[in-house]
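Reviewing the structure listed below.
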Amino acid sequence: MIDPQRIADAPDEVKAHLVKRHEDPHTLADVDAIVALSERRRELISERDELRATRNALSKQIGALFKEGRRDEAEVLKTQVQSGNARIEVLEHELEVVDGDRSRLCMGLPNLLHPSVPEGKGDEDNVEIRTWGDPRGQPGDGESHVEIGTRLGILDLERSAKLTGSRFWVLVGAGARLERALINYFLDLHVHEHGYTEVMVPYLVHRSAAEGTGQLPKFGQDMFRLAEPLNGADAFLIPTAEVPVTNLHRGEILDEAQLPLRYVAFTPCFRSEAGSAGRDVRGLIRVHQFHKVELVWITTPEQAEASHQQLVGHAEAALQQLRLPHRVVELCGGDVGFSATRCYDLEVWLPSQGYREISSCSHFTDFQARRMSLRYRPTSEGKKAKPRHAHTLNGSGLAVGRTLVAILENNVQPDGTVTIPEVLRPYMGGLEVIAPVGA
RNA sequence: GGAGGUGUGGCCGAGUGGUUGAAGGCAGCGGUCUUGAAAACCGCCAACCCGCGAGGGUUCGAGGGUUCGAAUCCCUCCGCCUCCGCCA
């Protein structure tokens, strides 16, 4: 979340960011509410602490009097403390309400935007940074991955529907193997060529973890939630590895020398896709369960922006080695995600539909770190450096299913077969071409 | 699932109702000494909240309770460890 102190000190500045994000007017009103609640909170804390200071002093006296055997005098002081405690209880009750309201509102505000974020309302206003490769044909010209995959017998959407309805998939034979090859290739690329540490993490997380990265409290409808508590707490299927991986160090104070921490994780991702009815209903583009290899950085504020560029480069390297045409766009104010200050999307060329997002690389400043109390102790600036919130970043490296789609659509040959990108062949037992089953 | 144990500062580890926010040690930082380093010795070293500041408050797994006062007593939950059972 945004530093509540900053909201109280410069509410208009915060509102300007919200306007650039095209947030609702009532979100702007929340800023004013936070300012008022902060003021009341301060008053309550002052008065309560004063009373507690008095109580602590009197209690100390009572202890001394008891030791000296002056019981009567002690009893008088006891009565005095008890009346103070009554007042403290009233103040604490109000403080609990005020504090709860304030933090609820703070948790609901999106991050401040980086100054370079372009103006704009939606994805049509995103700014193209660079393109790579030669897109084949016009959007819509190409055969869709559903047709290609079904014809080759490697994608079976009818049978997946028998299991779990729409927005699921079954891959068969070379299709399943291609999915697995991509996972292994991505992990090897980022571990061996880019120096990430591979981690495997839980696919279920508690509410607190999802709050830490910002999926909650606002976007609970996008996640699948367990009907029963898990180890005593509300739990969700992860929508992305970002959640468990970034939360790995929640509540810790890291040494600056340990930074940057760079993790790569392969996980399935589960999304309820509530509210996306009618969009991308066919095929593998928008599904309830998909695979993703995710890159996560924990670093210092000073290094974060350079890290962000490197992160984008690492994701882009995968597309380039696979020879998939793509472009990099910077998201406009209205399109940057809730937790991010700035975001680059990698969009792969799909002959059947044009450019589609295949990776989203975000810088979160200290927004997530503050929510999960993730800090580091600076060592560079002398002895008694206070802990500071770290900066977190992440990006897909890449979304596996969409990569498979891109390979099918971009590499389909006039004879209907699909050539496998060279870098994947070692992962496919040397297979070079996917031909129809039985052909 | 059954039985028992345990949870203290960056780490280890004392502490069972009253100057204990917490002994001691390690690590770290500064200094003395040294040509330099090591060793030895001296000193400093938690986080968060409110406050311009002085200062005050909170925090000993989490939450609740008892008490004038709780790291210390009671209850619930969570984590970890050991044994038994079950299981991929």
For Asp255(A), answer base if it contacts any base atom (sugar-phosphate contacts may also be present), sugar-phosphate if it contacts only those atoms, and nothing otherwise; contact means non-hydrogen atoms under 4.0 Å.
nothing
Given the rule in the side-chain hydrogen bond (donor to acceptor under 3.5 Å, both in side chains) test, do His363(A) and His114(A) qualify, once you have shown the distances and angles that lead to the verdict?
CA-CA 9 Å; His363(A) 174 199; His114(A) 188 280; over 6 Å; no
Interatomic distance, Arg52(A) CZ vs C49(B) C1' [rounded to whole Å]:
10 Å
Could you check which nucleotide pairs with G53(B) in any of the strands shown, counting Watson-Crick or G-U wobble with both distances under 3.5 Å?
none
Charged N-O contact under 4.0 Å between Glu273(A) and Arg286(A)
yes
Once you apply the 3.5 Å cut-off to both distances, tell me the Watson-Crick or G-U wobble partner of A70(B), or none.
none
Between Asn231(A) and G79(B), is there a contact of a side-chain N or O with OP1 or OP2 at under 4.0 Å?
yes
For nucleotides A46(B) and A27(B), find the distance between their C1' atoms and express it as a whole number of Å.
14 Å
So do Leu204(A) and Ile238(A) actually touch side chain to side chain, heavy atoms under 4.5 Å?
no
Report yes if at least one side-chain N or O of Lys386(A) is closer than 4.0 Å to OP1 or OP2 of A46(B); otherwise report no.
no
Between C86(B) and G1(B), how many Å separate the two P atoms, rounded to a whole number?
15 Å
Taking atom C1' of A62(B) as reference, at what distance in whole Å does atom CZ of Arg250(A) sit?
13 Å
From NZ of Lys78(A) over to P of U67(B), roughly how many Å is that when rounded to an integer?
10 Å
Under-3.5 Å N/O pairs linking protein and nucleotides 5-10 of chain B:
none

Just how far, in rounded Å, is P of U58(B) from CD of Glu50(A)?
14 Å
Under the side-chain hydrogen bond (donor to acceptor under 3.5 Å, both in side chains) rule, what do Thr341(A) and Asn111(A) come out as? Steps first, then yes or no, please.
CA-CA 6 Å; Thr341(A) 189; Asn111(A) 200 359; 4.7 Å; no
C68(B) phosphate, OP1 or OP2, under 4.0 Å from Asn56(A) side-chain N/O:
no
Taking a pair to mean Watson-Crick or G-U wobble geometry with both distances below 3.5 Å, U34(B) pairs with none
Could you identify the nucleotide paired to U19(B), looking across every strand shown and requiring Watson-Crick or G-U wobble geometry with both distances under 3.5 Å?
none
Name the pairing partner of C60(B), where a pair is Watson-Crick or G-U wobble with both distances under 3.5 Å, or state none.
none
Any idea which heavy atoms bring Gln321(A) and Leu189(A) closest together, and the distance?
NE2-CD1, 3.6 Å
Closer than 3.5 angstrom, by distance alone: can the side chain of Lys60(A) be matched with the main-chain N or O of Arg55(A) as a donor-acceptor pair?
no
Are His308(A) and Glu305(A) close enough that a side-chain donor and a side-chain acceptor fall under 3.5 Å?
no
What's the verdict on side-chain hydrogen bond (donor to acceptor under 3.5 Å, both in side chains) for Tyr263(A) and His249(A), showing C-alpha distance, side-chain angles and the deciding distance?
CA-CA 12 Å; Tyr263(A) 293 115; His249(A) 296 283; 2.7 Å; yes
Roughly how many Å apart are C87(B) and C73(B), using the C1' atom of each and rounding to a whole number?
41 Å
I'd like to know whether the aromatic ring centres of Trp297(A) and His190(A) sit less than 6.0 Å apart in this structure.
no
For the pair Tyr427(A) and Tyr185(A), name the ring-plane relationship: parallel under 30°, tilted 30 to 60°, perpendicular over 60°.
perpendicular
Base-pairing assignment for U82(B) (Watson-Crick or G-U wobble, both under 3.5 Å):
A3(B)
Check this for me: does the side-chain of Asp49(A) come within 3.5 Å of the base of G56(B) through a donor and an acceptor?
yes
I need the CZ-P distance between Arg71(A) and C68(B), as an integer number of Å.
12 Å
Using whole Å, what does the distance between atom P of nucleotide G28(B) and atom CG of Leu254(A) come to?
18 Å
Are any of Arg41(A)'s side-chain N or O atoms less than 4.0 Å away from OP1 or OP2 of C50(B)?
yes
Could you go over nucleotides 17-22 of chain B and give all protein N or O partners under 3.5 Å, atom names and distances?
residue	atom	partner	partner atom	Å
G18(B)	N2	Ser59(A)	O	3.0

Check: Tyr196(A) ring centre within less than 6.0 Å of His314(A) ring centre
yes
Return the value, rounded to whole Å, for the distance between atom CG of Leu95(A) and atom C1' of U58(B).
11 Å
